[in-house]
Protein chains: 4
Amino acid sequence: MIVLAGDKRTVRQPRQKRAIEKKSRIIEAGFKLFCEKGFHNTNTVEIAKAAGVSTGILYNYFVDKKDIFLAAIDSFGNRITLPAFQATESLKSTFSLPEIVRWLIDSFIKSHDQFKSAHEEIRAMALLDPEVASAFNRFDLQTVNDVVKMMQRFGLNPPHPYEKAHIAVSLVENLCHEILYSRHEDLDYDIMIDEVARVIVQMLSVNP
Amino acid sequence: MIVLAGDKRTVRQPRQKRAIEKKSRIIEAGFKLFCEKGFHNTNTVEIAKAAGVSTGILYNYFVDKKDIFLAAIDSFGNRITLPAFQATESLKSTFSLPEIVRWLIDSFIKSHDQFKSAHEEIRAMALLDPEVASAFNRFDLQTVNDVVKMMQRFGLNPPHPYEKAHIAVSLVENLCHEILYSRHEDLDYDIMIDEVARVIVQMLSVNP
Amino acid sequence: MIVLAGDKRTVRQPRQKRAIEKKSRIIEAGFKLFCEKGFHNTNTVEIAKAAGVSTGILYNYFVDKKDIFLAAIDSFGNRITLPAFQATESLKSTFSLPEIVRWLIDSFIKSHDQFKSAHEEIRAMALLDPEVASAFNRFDLQTVNDVVKMMQRFGLNPPHPYEKAHIAVSLVENLCHEILYSRHEDLDYDIMIDEVARVIVQMLSVNP
Amino acid sequence: MIVLAGDKRTVRQPRQKRAIEKKSRIIEAGFKLFCEKGFHNTNTVEIAKAAGVSTGILYNYFVDKKDIFLAAIDSFGNRITLPAFQATESLKSTFSLPEIVRWLIDSFIKSHDQFKSAHEEIRAMALLDPEVASAFNRFDLQTVNDVVKMMQRFGLNPPHPYEKAHIAVSLVENLCHEILYSRHEDLDYDIMIDEVARVIVQMLSVNP
DNA sequence: GATGAATGAGTCTTCATTCAT
DNA sequence: AATGAATGAAGACTCATTCAT
């Protein structure tokens with residue numbers, strides 16, 4: 001399994017419960033705003049206001065505005081994908097693999113909706129900023145690891161599981177993006193979902 | 001074929017040759033800087049300097065900074081992908097489809113490298129800004145149309161050609177991004193390229 | 001003679017007359033405020049307002065607030081001491097050396113008054129900031145050079161002229177400071193001035 | 001002898017031993033930091049941390065940050081100069097006056113080194129702030145008084161002893177500053193020390 | 001048409017001081 | 001008395017846009 005690299009930022013970690021909650025509120029508020037308006041269009045006053053704190057306190061918990069963004073990325077990664085993968089376990093006995101992949105795609109589309117632009121902006125900023133790149137990679141690896149774990153639960157042992165899992169994740173993410181945001185009127189999204197599910201199942205089903 | 005939506009911006013179009021060249025130089029310079037540094041990290045003074053014009057003149061040709069970005073997106077779309085697709089024509093008689101797809105992926109990786117962050121940032125901004133979204137869609141459709149044309153040249157007539165072309169394009173774009181920027185050390189990129197080529201060929205080869 | 005080291009800051013030097021005047025106005029305004037209120041108690045908005053410009057334009061002429069301070073130090077050095085030294089030339093035939101030194105001290109006290117705290121603050125900041133130290137040294141050297149020149153005009157050729165000139169300058173500067181700002185009620189400043197003049201004359205009069 | 005003006009601040013004086021120690025620790029920590037980094041570059045959180053107390057408690061002992069600075073000035077004055085003057089007593093029988101003055105200058109140079117910027121910054125701030133001016137004067141007078149006492153111990157009774165002592169102190173302080181911080185490469189500091197010692201001895205040796 | 005100096009609102013960040021615990 | 005998290009006003013600096021020349 002790919003191991004998440006530890007991040008060694010020199011941020012004072014809050015120990016007290018209230019402080020931890022406040023830090024979470026800031027991440028939450030920042031994340032929500034970054035998703036709605038993007039990093040560059042969100043200012044620190046807004047984040048503080050949304051979190052119900054003063055602007056000054058932001059800098060007790062985070063080294064700068066970008067640090068809030070990074071924390072939000074990590075928080076973001078932990079939330080979207082894992083529940084969906086875990087839920088597949090209970091579906092295993094009832095549904096076929098193509099049905100479950102289709103269900104996963106559907107649930108990803110639903111969960112992506114609440115994160116709006118964050119994912120793309122993270123990708124964009126990752127190209128310019130090593131710290132964002134690192135946070136993005138952590139998130140990415142986690143999802144790929146989750147997919148590989150799910151594959152194992154389903155008895156799928158294709159050659160090169162991580163490479164294939166990565167491709168599968170990309171396919172689903174692009175599909176989500178396309179369906180939620182781009183909306184080309186000439187494309188039939190039901191057909192696209194079917195096709196993506198079919199491609200994934202085929203790719204993962206090749207046992208050695 | 002999907003038709004490009006008309007552009008309804010109220011920008012004075014330069015008629016004189018010198019003015020047209022100047023506008024091109026601005027787009028060129030802006031595009032280069034946006035690729036290198038991102039939209040938010042590029043300022044208008046830099047663009048003007050790189051284009052060899054005054055900052056004031058920018059606003060004769062463009063309504064604002066974002067308008068330069070939009071023009072750059074349109075210019076961007078016309079340049080990267082088309083040459084690669086056209087080149088496949090001459091390869092048709094000599095190489096097999098899997099070989100040609102693999103060649104296309106390789107040439108996309110090469111051409112993506114020079115555009116760095118532009119593509120991702122456009123996607124990110126497209127989520128927040130309808131005008132950018134519209135420009136992005138124009139670019140996206142063009143690529144999909146190019147792929148469909150190429151499919152026809154190769155005698156590939158699968159059902160739902162646009163949907164499949166879109167999926168294929170997504171796969172290749174994600175692969176480019178992964179290889180050029182993310183570089184997960186645990187992934188074998190040769191295998192990923194092979195696998196993506198295989199998946200695309202398989203998807204497109206299903207004739208009705 | 002001690003030579004002033006050239007300073008290689010990367011500030012865009014204004015070439016046009018109006019721009020040079022504006023830069024001067026900013027230095028003037030900054031200098032005045034720094035003298036009145038000190039560097040740390042003067043903000044950029046005040047400087048801009050006093051110079052009759054916008055805050056933004058400050059950064060066309062100076063890299064940062066400190067850079068205005070440095071420019072002010074250089075400007076400061078050129079103005080205070082030189083006129084006084086030059087004026088001694090015309091007094092040479094009429095007055096004796098002790099009388100002229102006494103006259104110089106008096107005129108220094110008068111000219112110091114308009115620069116209030118600048119000199120001390122420069123000395124204080126010079127201890128923490130190499131750039132300020134460098135600017136202070138330039139100013140200091142200039143004064144010492146001026147004193148040595150004056151000594152030569154008066155036919156004074158003591159051994160170690162630069163060391164002695166430096167001591168003389170220090171004595172006068174401290175005297176100015178004491179008289180203008182400290183005002184110990186128990187000290188008789190007429191006597192101090194006489195004593196300082198006597199010490200300087202004695203020190204400089206020792207010909208080899 | 002010049003009498004120190006009484007201090008009229010409305011600060012609650014700690015009576016308990018532990019509280020007095022705590023106040024001392026704060027002054028100590030503040031003094032050290034002010035010397036190292038200057039008043040404006042030292043913040044109250046740092047002072048509290050260095051003193052091992054909470055930021056809130058600072059305001060039980062001091063009315064504001066400047067008040068810590070004032071207390072530090074008073075503490076500062078008591079420490080640097082007195083030991084050096086006292087030590088001269090034991091040298092009296094063995095060494096000549098010029099030797100002892102030279103020894104004093106040397107020991108001042110050594111002791112100044114540990115106080116870095118404090119002295120200059122106090123002088124600078126004294127020009128802007130009456131309270132700092134008052135604290136500086138107290139310190140200054142003390143040094144002058146110490147010099148006069150030493151003069152008496154050495155049997156020196158020139159006319160205007162306070163004025164001359166003040167001039168002597170200024171000379172030595174400037175010399176310290178020059179040697180420790182300015183370091184003009186073209187000046188020979190051994191010669192300057194000799195010259196300053198010579199001037200001081202000459203000035204103080206004139207008995208009525 | 002062309003210039004580029006000028007604007008000033010907007011941004012992130014700091015820090016002396018307070019106050020609920 | 002003691003804490004240290006919280007405040008929020010104030011600061012330096014940026015930059016898209018304008019306009020006198």
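Protein chains get the first letters and strands the later ones, always in sequence-line order, with residue 1 at the start of each.
Set against E:dA16, F:dC13, E:dC12, the side chain of A:Thr44 has E:dC12 as its closest nucleotide. Nearest to the side chain of D:Lys65, among E:dA16, F:dC15, F:dC13, sits E:dA16. Of all nucleotides listed (F:dA6, E:dT13, E:dA6), F:dA6 comes nearest to the side chain of A:Lys22.
Using a distance-only test at 3.5 Å, with no hydrogens or angles considered, no donor-acceptor pair links the side chain of A:Ser134 to the main chain of A:Pro130. No donor-acceptor pair under 3.5 Å is formed between the side chain of B:Ser75 and the backbone N or O of B:Ala71. With B:Glu46 contributing its side chain and B:Asn43 its backbone, the two residues share a donor-acceptor pair below 3.5 Å. Here the side chain of B:Lys65 pairs a donor or acceptor atom with the backbone of B:Phe39 at under 3.5 angstrom. Of the possible donor and acceptor atoms, none in the side chain of A:Asp129 sits under 3.5 Å from a partner among the backbone N and O of A:Met125.
In this structure, D:His40 atom NE2 and E:dT14 atom C1' are separated by 15 Å, rounded to whole Å. Between the P atom of F:dC19 and the CG atom of B:Asn60 lies a distance of 13 Å, rounded to the nearest Å. Here E:dT13 presents its P atom at 10 Å from NZ of A:Lys66, a figure rounded to the nearest Å. One atom, CG of D:Asn43, and another, P of E:dT13, lie 17 Å apart when rounded to the nearest Å. Look at CD1 on D:Ile26: it is 14 Å from P on E:dT17, rounded to the nearest Å. Atom C1' of nucleotide E:dC12 and atom CG of C:Asp64 are separated by 17 Å, given to the nearest angstrom. For the pair D:Glu46 CD and F:dG4 P, the computed distance is 17 Å after rounding to whole Å. Rounding to whole angstrom units, CZ of residue C:Phe69 and P of F:dG11 are separated by 18 Å.
If you check residues 47-58 of chain A against DNA chain F, the residues with a heavy atom closer than 4.0 Å are A:Val53, A:Ser54, A:Thr55, A:Gly56, A:Ile57, listed by number.
Across all strands shown, E:dG10 pairs with F:dC13; the Watson-Crick or G-U wobble distances both stay below 3.5 Å. F:dG4 and E:dC19 make up a base pair, with Watson-Crick or G-U wobble contacts both under 3.5 Å.
Judged by the 6.0 Å and 45° rule, B:Lys23 forms a cation-pi pair with B:Phe62.
Note on C:Tyr59: every side-chain N or O is 4.0 Å or more away from OP1 and OP2 of F:dT14. Taking side-chain N and O atoms only, D:Tyr61 has a distance below 4.0 Å to OP1 or OP2 of F:dA2.
Place D:Val45 and B:Arg18 on DNA chain E by their nearest nucleotides, and B:Arg18 ends up nearer the 5' end.
Between D:Lys32 and D:Glu28 no salt bridge is recorded (no basic side-chain N to carboxylate O distance below 4.0 Å).
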